[in-house]
Amino acid sequence: MSENPPVTVRVDSAGAGKTAFEVLGVKDTAVARVNGALVDLAHVVAEGDVVEQVPYGSEDGRNVLRHSAAHVLAQAVQELFPGTLLGIGPFIKDGFYYDFLPSRPFTPEDLVAIEKKMSDITRQRQRFSRRVVSEADASSELAHEKFKIELIGLKGAAPEESPEVGGAELTIYDNLVGDATVWSDLCRGPHLPTTRDIPAFKLMRSAAAYWRGDQKNEQLQRIYGTAWESKDALKEHLHLLEEAEKRDHRKLGVELDLFSFPDEIGSGLVVFHPRGGVIKREMEDYVRARHLAEGFHYVGTPHISKEGLFHTSGHLPYYADGMFPPMEMEGSDYYLKAMNCPMHNLIYKSRGRSYRELPLRYFEFGSVYRNEPSGVIHGLTRVRGFAQDDSHSYCTQEQAPDEVKHLLTFVLGLLKDFGLTDFYLELSTRDDSKPDKFVGSDEDWATATAVLEKCAQETGLELVPDPGGAAFYGPKISVQARDAIGRTWQMSTVQYDFNQPAGFELEYQAADGSRQQPVMIHAAKFGSIERFIGVLTEHYAGAFPAWLAPVQVVGIPVHSDYDGYLHDLAGRLRSEGIRVEVDDSDDRMQKKIRNAQKQKVPYMLIAGAEDIEAGAVSFRFRDGTQDNGIPVDDAIARIVEAVRART
RNA sequence: GCCGGCUUGGCGCAGCGGUAGCGCAACGCUCUUGUAAAGCGUAGGUCGUCGGUUCGAUCCCGACAGCCGGCUCCA
């Protein structure tokens with residue numbers, strides 16, 4: 001990042017006719033912003049123009065250098081694999097990609113060769129030269145590039161869809177060596193001045209991607225790369241990726257013996273081992289207690305149901321693809337439930353309800369099963385069987401806004417209790433162009449959406465629209481949480497539903513004696529217990545806070561003579577509810593410390609002759625710091641307090 | 001579901017057309033004195049599954065399953 005504020009110049013009469021680069025006259029300039037629009041440094045300015053430096057390390061600067069790198073990638077691919085057709089090549093977070101239609105998919109070896117060819121191209125200092133073309137000229141020049149032709153046809157329709165087209169005019173960028181054009185691509189620009197100006201890049205991987213993101217379209221081969229304003233910035237990014245890999249919950253799940261996915265059970269189905277079970281149980285106990293404190297009633301429902309229930313709820317007409325296929329018994333088809341709401345509705349309906357009971361809140365850890373496509377299964381964050389900490393609040397339409405607010409406040413507080421503190425909200429709404437995917441009237445959708453939007457805004461959190469992302473029965477707010485290394489995860493959802501109360505003919509008797517239909521608010525606080533454990537594992541990199549740690553204390557004797565002393569201490573801790581082990585194996589002390597450290601145990605209690613003489617014990621913490629000679633009573637109090645405080 | 005890659009003892013990895021090794025872990029023995037790996041020994045694998053090619057397959061080919069990276073989708 002540039003330390004100094006960007007240079008800004010207002011062009012005077014002497015500057016008119018010069019290039020943006022000339023009037024700025026400063027280094028560390030990727031492109032220029034002239035009167036608010038990004039342009040090439042070769043752009044000729046006029047008197048009165050305001051020209052601003054865009055440094056390489058700025059957001060725009062990075063985007064431009066990444067997009068320029070994408071061009072070099074495309075050029076390298078077309079030189080190495082003649083006849084390969086081009087898709088699009090935008091910048092993305094941390095890098096860029098380019099989509100291709102090659103005669104065969106790229107291999108890892110191909111990527112090495114392509115990266116080398118890219119280096120050749122950058123060394124040649126090819127100039128990116130902008131040329132305005134008419135639609136007819138572009139079409140004939142790019143006649144062999146069918147995807148580019150399609151983009152030309154889209155010009156103006158969706159400017160955000162690709163960097164190739166959009167804006168007032170159609171442009172082609174030529175790569176020049178001397179005066180000779182060695183390569184060209186349809187592109188809106190802008191670009192760095194030359195290929196040599198790309199400071200640092202690296203190809204990451206290749207993968208398939210559907211043309212224009214639609215499963216119905218042809219599948220292209222996408223190559224991902226990363227590019228940065230300096231070699232150091234690139235190195236730092238690669239280091240961050242390594243760190244992220246170390247906290248991968250799938251890896252930590254094995255190393256810390258938390259859970260596994262036995263092939264024999266099936267893809268996307270998890271078993272929790274004793275240590276993972278501790279985390280799961282602590283979470284559930286705490287969450288259950290918090291729900292009770294917030295006025296929820298804990299209920300219980302089965303995992304499967306006859307199909308009629310899911311017709312009533314609307315799941316079978318709208319969600320059948322997402323459910324496991326039915327099993328037939330005694331002439332009925334039974335389905336594993338994919339959602340808990342239909343069952344809760346039956347509890348509501350089990351007797352007449354009064355307005356005095358509302359809002360009526362049901363909560364359970366409901367096990368649901370969803371037929372996720374095989375390619376999307378991913379550790380704990382995308383599974384086929386999981387438990388939702390699911391609740392349904394039945395209330396009058398007038399109560400709904402307060403209930404949504406209540407839920408949002410509750411959810412955010414709960415997430416904070418687990419160490420997640422950085423959030424934004426997403427408002428998922430109906431896609432009006434696909435009426436067959438959503439049930440209910442326009443008016444009801446508008447009402448529901450307005451309630452959610454207003455409540456979301458009142459939290460003061462950033463609110464991002466998600467058009468088309470609603471459930472079939474109503475709009476939703478989802479809470480996105482950022483973890484310790486800045487990645488975001490979709491956690492909680494709050495959904496406003498007026499359709500299922502109608503389908504189930506739910507009602508309550510109002511104060512005036514009339515029968516009214518309640519609305520129901522669905523809310524999953526963690527989304528799924530499984531996903532949340534996965535996210536927490538990555539957030540804490542396996543070093544869970546003491547209250548969640550599978551093993552909270554390990555006693556380590558300096559010599560086996562002191563095993564008994566530590567066993568006595570462990571007994572006292574255990575009676576305080578602390579999960580404690582004494583490592584009385586015949587390893588040496590150093591090895592025991594190493595083992596406890598690798599298991600990320602919060603407290604190591606070390607005892608030798610000095611400690612015993614003083615009636616004390618020595619702490620070693622996970623960060624390697626120590627606190628020696630602590631009297632045993634103090635040590636116990638300290639640990640008990642830390643666990644109680646959930647810090 | 002689609003495209004590509006991968007699959008060798010509990011974990012991490014070698015290897016190779018002539019039926020397999022290493023480190024850690026496990027087990028045994030001898031050790032154990034202050035903050036991240038003591039030494040020696042033992043045991044453990046029909047090389048994911050099923051077919052095919054071959055005199056012979058862990059190795060080559062195919063199908064299936066699982067996993068990984070993306071796309072699409074999603075709590």
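Values below: all heavy atoms of this structure, side chains included; hydrogens, waters and symmetry mates excluded. In what follows, chains carry the letters A, B, and so on, assigned in the order in which the sequence lines appear, proteins first and then strands, with residues in each chain numbered from 1.
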>> Could you tell me how far apart A:R588 (CZ) and B:U35 (P) are, to the nearest whole angstrom?
In response: 14 Å
>> Could you check whether the side chain of A:E372 and the base of B:A75 have a donor-acceptor pair of N or O atoms closer than 3.5 Å, going by distance alone?
In response: yes
>> Which residues in residues 592-610 of chain A have a heavy atom closer than 4.0 Å to any atom of RNA chain B?
In response: A:I593, A:R594, A:Q597, A:I606, A:G608, A:A609, A:E610
>> Does B:U35 have OP1 or OP2 under 4.0 Å away from a side-chain N or O of A:K591?
In response: no
>> Determine whether the aromatic ring of A:F386 stacks with the base of B:A75, defined as ring centroids separated by less than 5.5 Å and ring planes inclined by less than 30°.
In response: yes
> Is A:K246 salt-bridged to A:E243, going by a charged N under 4.0 Å from an acidic O?
Replying inline: yes
> Would you say B:C67 has OP1 or OP2 under 4.0 Å from some side-chain N or O of A:S267?
Replying inline: yes
> Can you check whether A:R205 has a side-chain N or O nearer than 4.0 Å to OP1 or OP2 of B:G70?
Replying inline: yes
> Would you say a side-chain N or O of A:R620 is under 4.0 Å from OP1 or OP2 of B:A36?
Replying inline: yes
> Do the side-chain N and O atoms of A:Q490 and A:R531 include a donor-acceptor pair separated by under 3.5 angstrom?
Replying inline: no
> Say you pick atom P in B:G21 and the same atom in B:G9; how far apart are they, in whole Å?
Replying inline: 15 Å
>> Tell me whether the side-chain N/O atoms of A:S374 come closer than 4.0 Å to OP1 or OP2 in B:G1.
In response: yes
>> Tell me if the side-chain of A:Q221 makes a donor-acceptor pair with the base of B:C3, cut-off 3.5 Å, by modelled atom types.
In response: no
>> Is the phosphate of B:C31 approached by A:H559 (side-chain N or O, under 4.0 Å from OP1 or OP2)?
In response: no
> For A:E538, which of A:R487, A:R250, A:R247 qualifies under salt bridge (Lys or Arg N to Asp or Glu O under 4.0 Å)?
Replying inline: A:R487
> Any side-chain N or O of A:R250 under 4.0 Å from OP1/OP2 of B:C68?
Replying inline: yes
